[in-house]
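What follows is a set of notes on a single structure, which appears directly below.
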Amino acid sequence: MTQRLTMALPSKGRLREPSWALLEATGVEPLAPGERVLQSTCRNADIDLLFLRADDVPEYVQDGVVDCGITGLDLVQEHNFDVDVLLELGYGRCSLQAAVSLEDTATTLADLNGRRIATSHPNLTKRLLEAQGITASIVRISGSVEIAPRLGLADAIVDLVSTGSTLRTNGLRSLGVLFESQAVLVGRRGAEASESREVLTTLLGSVLRARSSRYLLMNVRTSELDAVLAVLPAAGSPTIVPLATEGLVAIHALVPASDVWSLLPKLQACGATAILTLPVERLLS
Ligand code: AMP
């Protein structure tokens, strides 16, 4: 990287650990900040790190205080921050859902028309409901949104849900999903992307692609080669290497991690032996 880059990382909460792990996985060696220290740097790259609450990251990026940062897409959308989403990071996945108590008569989102909705995402909720022709009275709440109906503060809630267990525990029933969120890397809009920001974005993307891939190696008799190749996913061309033993080759292939469990028995049935799967560190294409 040719010039110093400033990056904001979530200092606490759900996005903190996976964001740190992702940055480390690129190989840039971030230095852990001391307790209550908000800034750090990287041992082997010209990157300065600023640790902020995930909610504050988009504003710092928008205002040009930092070049890029990691936050939740819901937080970017809530205040319509003027930033570019450079990369979807695949963790921190959750959805903004509308829910009512089990005994409520509402069955669809449309049934929320004219009712009171408690949420910590008031702007996004209003926008998304209005886009569906639903007008509701929004009650802004900053935490524990799920108890609002029980306290009589609202008829329904709109809140982030990942497993749905908080809704169930609080006797709530989902009426539907308004918005899907995940952690994202954001950069200042319109700012001429610096070379260093592009390099970092590419490196982070290479880790994400690597995580969803596996390197597969196996030995195959040449007489069984066609059958084995027919089983391998079509994308990418496998490497075929002759082995010392006549009539035997090794096949190397990059395959989607999610396919591995179903591929292995098929490859074995086709005659492949010594089948290995290896994790991939980084994948640039
Ligand atoms: P924090 O409040 O710092 O833990 O982070 C909140 C961010 O984590 C949210 O803005 C979402 O982007 C993300 N997130 C992922 N799953 C959930 C969830 N089940 N509840 C709240 N936030 C979630």
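All values derive from a computational prediction rather than experimental measurement.
For the pair L89 and S19, the minimum side-chain heavy-atom distance is 4.5 Å or more. Counting heavy atoms from C-beta on, the side chains of L254 and L283 come closer than 4.5 Å. The closest side-chain heavy-atom distance from T6 to V65 is not below 4.5 Å. V161 has its side chain out of reach of T166: every pair of non-hydrogen atoms, C-beta onward, lies at least 4.5 Å apart. With a 4.5 Å cut-off on side-chain heavy atoms, L23 and L49 count as touching. Side-chain contact between L129 and T135: absent, with no pair of heavy atoms (C-beta onward) separated by less than 4.5 Å. With contacts defined as side-chain heavy-atom distances shorter than 4.5 Å, the pair E146/I157 qualifies. Contact check for V260 versus L216: no side-chain heavy atoms found under the 4.5 Å cut-off.
A search for salt bridge (charged side-chain N to carboxylate O under 4.0 Å, His left out) contacts involving E17 returns nothing, not counting sequence neighbours. Partners of R209 under the side chain to side chain donor-acceptor pair (under 3.5 Å) rule, at least two apart in sequence or in another chain, do not exist in this structure. Partners of R221 by salt bridge (charged side-chain N to carboxylate O under 4.0 Å, His left out), not counting sequence neighbours, listed by chain and number: E224. Partners of R168 according to the side-chain contact (heavy atoms from CB on, under 4.5 Å) rule, which considers only residues two or more places apart in sequence or in another chain, are S165. Legend: residues meeting side-chain contact (heavy atoms from CB on, under 4.5 Å) with S181, ordered by chain and number and at least two apart, are L73, D74, C94, F179. In this structure F81 satisfies the ring pair (Phe, Tyr, Trp, His ring centres under 6.0 Å) test together with H79, sequence neighbours excluded.
Grouped by direct or indirect side-chain proximity (heavy atoms under 4.5 Å, Ile/Leu/Val/Met/Phe/Trp/Tyr only), L38 sits alone.
Using modelled atom types, one side-chain atom of Q182 and one backbone atom of G90 make a donor-acceptor pair closer than 3.5 Å. In this structure, the side chain of D67 does not engage the main chain of M7 through any donor-acceptor pair within 3.5 Å. In this structure, the side chain of R116 engages the main chain of G152 through a donor-acceptor pair within 3.5 Å. Looking at N113, its side chain never comes within 3.5 Å of a backbone N or O of A110 through a donor-acceptor pair. A side-chain donor-acceptor contact under 3.5 Å links R173 to the backbone of A106. Checked by atom type and distance alone, the side chain of T41 pairs as donor or acceptor with a backbone atom of I47 at under 3.5 Å. In this structure a side-chain-to-backbone donor-acceptor pair under 3.5 Å is missing from Q62 to V83. Under the 3.5 Å distance criterion, the side-chain polar atoms of T125 are left unmatched by any main-chain donor or acceptor of P122.
Closest of all the heavy-atom pairs between V76 and V184 is CG2-CG2, 4.4 Å. What you find for F51 and S40 is that their closest heavy atoms are CE1-CB, 3.7 Å. Across N219 and A250, no two heavy atoms sit closer than the pair OD1-CB, 3.8 Å. Here the closest non-hydrogen pair linking S120 and V145 is N-CG2, 3.9 Å. Annotation for C68 and L200: closest pair SG-CD2, 4.2 Å, computed over non-hydrogen atoms. Among all heavy-atom pairs drawn from L175 and L109, the shortest one is O-CG, 3.9 Å.
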Worked check of side-chain contact (heavy atoms from CB on, under 4.5 Å) between I275 and L264: CA-CA 8 Å; I275 307 172; L264 295 187; 3.6 Å; yes

- prompt: Would L229 and I251 satisfy side-chain contact (heavy atoms from CB on, under 4.5 Å), going step by step from the backbone distance to the final call?
  reply: CA-CA 9 Å; L229 291 179; I251 300 182; 4.1 Å; yes

- request: Take V100 and D155 through the test side-chain contact (heavy atoms from CB on, under 4.5 Å) and record every step on the way to the result.
  value: CA-CA 7 Å; V100 288; D155 306 310; 6.0 Å; no

task: Quick one: do L128 and V158 satisfy side-chain contact (heavy atoms from CB on, under 4.5 Å)? Show the steps, please.
output: CA-CA 11 Å; L128 294 167; V158 166; over 6 Å; no

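Tracing side-chain contacts under 4.5 Å through hydrophobic residues (I, L, V, M, F, W, Y), one never reaches L225 starting from L276; they form parts of separate clusters. V85 and L15 fall into different hydrophobic clusters, defined by Ile, Leu, Val, Met, Phe, Trp and Tyr side-chain heavy atoms under 4.5 Å apart, directly or through other members. Hydrophobic clustering of Ile, Leu, Val, Met, Phe, Trp and Tyr side chains at less than 4.5 Å, counting indirect connections, unites W20 with L203. Both L86 and V199 are members of a single hydrophobic cluster when ILVMFWY side chains are connected at heavy-atom separations under 4.5 Å. If you chain together hydrophobic residues whose side chains sit under 4.5 Å apart, L151 and I141 fall into the same group.
For the ring pair (Phe, Tyr, Trp, His ring centres under 6.0 Å) condition, no pair includes a residue of residues 87-120, sequence neighbours left out. Listed by first then second residue, pairs satisfying side chain to side chain donor-acceptor pair (under 3.5 Å) with a partner in residues 268-285 number zero, not counting sequence neighbours. Screening residues 227-257 for ring pair (Phe, Tyr, Trp, His ring centres under 6.0 Å) gives Y215-H252 as the qualifying pairs, with residues at least two apart or on separate chains. Pairs engaging residues 28-39 under the salt bridge (charged side-chain N to carboxylate O under 4.0 Å, His left out) rule: E29-R43 [sequence neighbours left out]. Under the ring pair (Phe, Tyr, Trp, His ring centres under 6.0 Å) criterion, no residue pair touches residues 114-171, with sequence neighbours excluded.
To the nearest 0.5 angstrom, L112 atom CG is 8.5 Å from L178 atom CG. The CG atom of L185 sits 9.0 Å away from the CG atom of L22 when rounded to the nearest 0.5 Å. To the nearest 0.5 Å, the span separating OG1 on T202 from CG on L284 amounts to 7.0 Å. Taking CG of L204 as the start and CD1 of I70 as the end, the distance is 6.0 Å to the nearest 0.5 Å. For the atom pair CD1 of I134 and CG of D111, the computed distance is 8.5 Å after rounding to the nearest 0.5 Å. Going from atom CZ of R214 over to atom CG of L263 covers 12.5 Å, rounded to the nearest 0.5 Å.
Judged purely by distance below 3.5 Å, without hydrogens or angles, the side chains of Q97 and S174 pair a donor atom with an acceptor atom.
Tested against E130, the residues R127, K126, Q132 include a single side-chain hydrogen bond (donor to acceptor under 3.5 Å, both in side chains) partner, K126.
A salt bridge links R115 with D104: the closest approach of a Lys/Arg side-chain nitrogen to an acidic carboxylate oxygen falls below 4.0 angstrom.
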